2 protein chains.
Amino acid sequence: MESVELVDVLKALADPIRLRMIQQLVDGDPHSKSSQFWGFEIQKSTLAHHFKTLREAGVTRTIVEGRNHWIQLRRAELDAKFPGLIDALTGHTTA
Amino acid sequence: MESVELVDVLKALADPIRLRMIQQLVDGDPHSKSSQFWGFEIQKSTLAHHFKTLREAGVTRTIVEGRNHWIQLRRAELDAKFPGLIDALTGHTTA
DNA sequence: AGCATAGTTCGATGGACGTCGAACTATATC
DNA sequence: GATATAGTTCGACGTCCATCGAACTATGCT
């Protein structure tokens, strides 16, 4: 996590799909990777690609439970390293 | 400015050069576009490309004074539309 | 007018990226 | 073991983008 750079986080989030993903993940809870949950009209291989991009950028972690995978925002680490960033990117825009 | 989308701002700032640019512009004052000011080791055509990218994303404005051009962060508009974003991207990284 | 300077625009190039289908891995169920 | 299901990986394809050099525009200066 120490090696996570801001510019790489921004690259990861500068995509409409992935930006909406973290906005849905902002509550900090693990969410299913099942495509039904997200409502994107993309193939599951593309979905997996976006999950990987977020994880490799240090934005999310993956939890595996048997056949089911969960994705979770690394809220605490991100807030510690980039204070205010997640808040600014997720819904507090018009508040 | 109403049509400025968050994802497009992120695309504009998800580049090492342009991220450093807005970090130098964060004081809100106009800064010379002269390459000496920035200290990047890139050609002036590339510099102009980055200026254009920031401007078209709604992040900066350009002020022309005779032969000299100035670039300025659109601080107030960005703060109004994306509260906390500029703060989060400029300098609070290691604090 | 002639020349220098500040900055942009254009065309080309190489690399990165989003998307997809197909193949693959791994777990669950019968 | 056989089959189904969840999700990833791989290869290909097309598009976008950062970079550069050269040409261009426009202002200032002599």
Side-chain angles (χ1 to χ4, degrees), chain A residues 3-25 29-74 89, chain B residues 3-25 29-74 89:
Chain A
S3 64
V4 174
E5 295 287 343
L6 177 56
V7 66
D8 294 317
V9 173
L10 294 181
K11 274 185 210 167
L13 301 182
D15 176 90
I17 299 282
R18 294 193 295 268
L19 182 58
R20 285 174 56 193
M21 280 180 171
I22 68 134
Q23 288 169 347
Q24 287 188 245
L25 293 175
D29 298 329
H31 289 77
S32 171
K33 286 188 175 175
S34 168
S35 60
Q36 325 166 40
F37 171 73
W38 303 93
F40 299 130
E41 295 185 349
I42 56 177
Q43 299 312 117
K44 66 175 183 174
S45 58
T46 305
L47 201 58
H49 160 70
H50 287 303
F51 291 147
K52 184 177 185 178
T53 302
L54 287 175
R55 178 172 37 83
E56 290 182 343
V59 175
T60 60
R61 69 171 61 87
T62 291
I63 301 164
V64 178
E65 263 186 22
R67 198 165 44 172
N68 300 320
H69 293 212
W70 308 78
I71 184 172
Q72 184 179 29
L73 190 64
R74 298 180 67 178
L89 297 179
Chain B
S3 65
V4 174
E5 296 287 341
L6 177 56
V7 67
D8 294 318
V9 173
L10 293 181
K11 275 185 210 166
L13 301 181
D15 175 271
I17 299 282
R18 293 193 295 267
L19 182 57
R20 284 173 58 193
M21 279 182 172
I22 68 133
Q23 288 168 347
Q24 287 189 245
L25 293 176
D29 297 330
H31 290 76
S32 170
K33 286 188 176 176
S34 167
S35 62
Q36 326 166 39
F37 171 74
W38 303 93
F40 299 130
E41 295 185 350
I42 56 178
Q43 298 312 117
K44 65 175 183 172
S45 57
T46 306
L47 201 60
H49 159 70
H50 288 304
F51 290 148
K52 184 177 185 179
T53 302
L54 288 175
R55 178 170 38 83
E56 290 183 343
V59 176
T60 60
R61 70 171 61 87
T62 291
I63 300 163
V64 178
E65 262 185 25
R67 197 164 46 170
N68 299 321
H69 293 213
W70 308 79
I71 183 172
Q72 184 179 29
L73 190 64
R74 298 181 65 177
L89 297 179

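Throughout, protein chains are lettered first and strands after them, A, B, ... in sequence-line order, and every chain is numbered starting at 1. Everything numeric in this text was worked out from a predicted model, so none of it was measured.
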Query raised in the report: Touch check for A:I42, heavy atoms < 4.0 angstrom, all strands: base, sugar-phosphate only, or nothing?
Result: sugar-phosphate
Query raised in the report: Between B:W70 and A:E41, who's closer to the 5' end of DNA chain C by nearest nucleotide?
Result: B:W70
Query raised in the report: Whole Å only: how far is the CG atom of A:N68 from the P atom of D:dA4?
Result: 19 Å
Query raised in the report: Side chain of A:K33: nearest nucleotide among D:dT9, D:dT8, C:dC20?
Result: D:dT8
Query raised in the report: Does A:Q43 put a side-chain nitrogen or oxygen below 4.0 Å from OP1 or OP2 of C:dG21?
Result: yes
Requested in this report: With the side chain of B:R67 defined as its heavy atoms from C-beta on, choose the nearest nucleotide among D:dA4, D:dT19, D:dG28.
Outcome: D:dG28
Query raised in the report: More than 12 heavy atoms of other residues, nucleotides or ligands under 6.0 Å from CH2 of B:W38: is that the case?
Result: yes
Report task. Measure the distance from CG on B:L13 to C1' on D:dC17 and round it to the nearest whole Å. Result -> 16 Å
Query raised in the report: Which pair of heavy atoms, one from B:I22 and one from B:L54, lies closest together, and at what distance?
Result: CG2-CD2, 4.2 Å
Query - Whole angstrom value for the distance that separates C1' of D:dC24 from NE2 of B:H49 - result: 19 Å
Report summary line: Taken to the nearest whole Å, CZ/A:F40 to P/C:dG18 is 13 Å
Query raised in the report: Is B:R18 near enough to D:dA18 that one of its side-chain N or O atoms lies under 4.0 angstrom from OP1 or OP2?
Result: yes
Query raised in the report: Within this structure, what is the CD-to-C1' distance between A:E56 and D:dT8, rounded to whole angstrom?
Result: 12 Å
Requested in this report: Answer yes or no: does a side-chain N or O of B:S45 lie under 4.0 Å from OP1 or OP2 of D:dG21?
Outcome: no
Report task. Using a heavy-atom cut-off of under 4.0 Å over every strand shown, decide if A:T53 touches base, sugar-phosphate, or nothing. Result -> nothing
**Report entry** Whichever of B:I17 and A:H69 has its nearest DNA chain D nucleotide further upstream toward 5'
**Finding:** A:H69
**Report entry** Whole-Å gap separating P (D:dT9) and CZ (A:F51)
**Finding:** 13 Å
**Report entry** Side chain of B:H50 - closest among D:dG7, C:dT19, D:dA18
**Finding:** D:dA18
**Report entry** Spacing between B:R55 atom CZ and C:dG7 atom C1', to the nearest angstrom
**Finding:** 11 Å
Report task. Using atom NZ of B:K11 as one end and atom P of D:dA18 as the other, report the distance to the nearest whole Å. Result -> 11 Å
Query raised in the report: Nearest of D:dT9, D:dA18, C:dC20 to any side-chain atom of A:T46?
Result: C:dC20
Query raised in the report: Any chance the side chains of B:S45 and B:Q43 put a donor and an acceptor closer than 3.5 Å?
Result: no
Query raised in the report: Hey, does A:I71 have a side-chain heavy atom less than 4.5 Å from the side chain of A:F51?
Result: yes
**Report entry** Over all atoms of both residues, closest heavy-atom pair of A:L6 and B:Q23
**Finding:** CD2-NE2, 4.3 Å
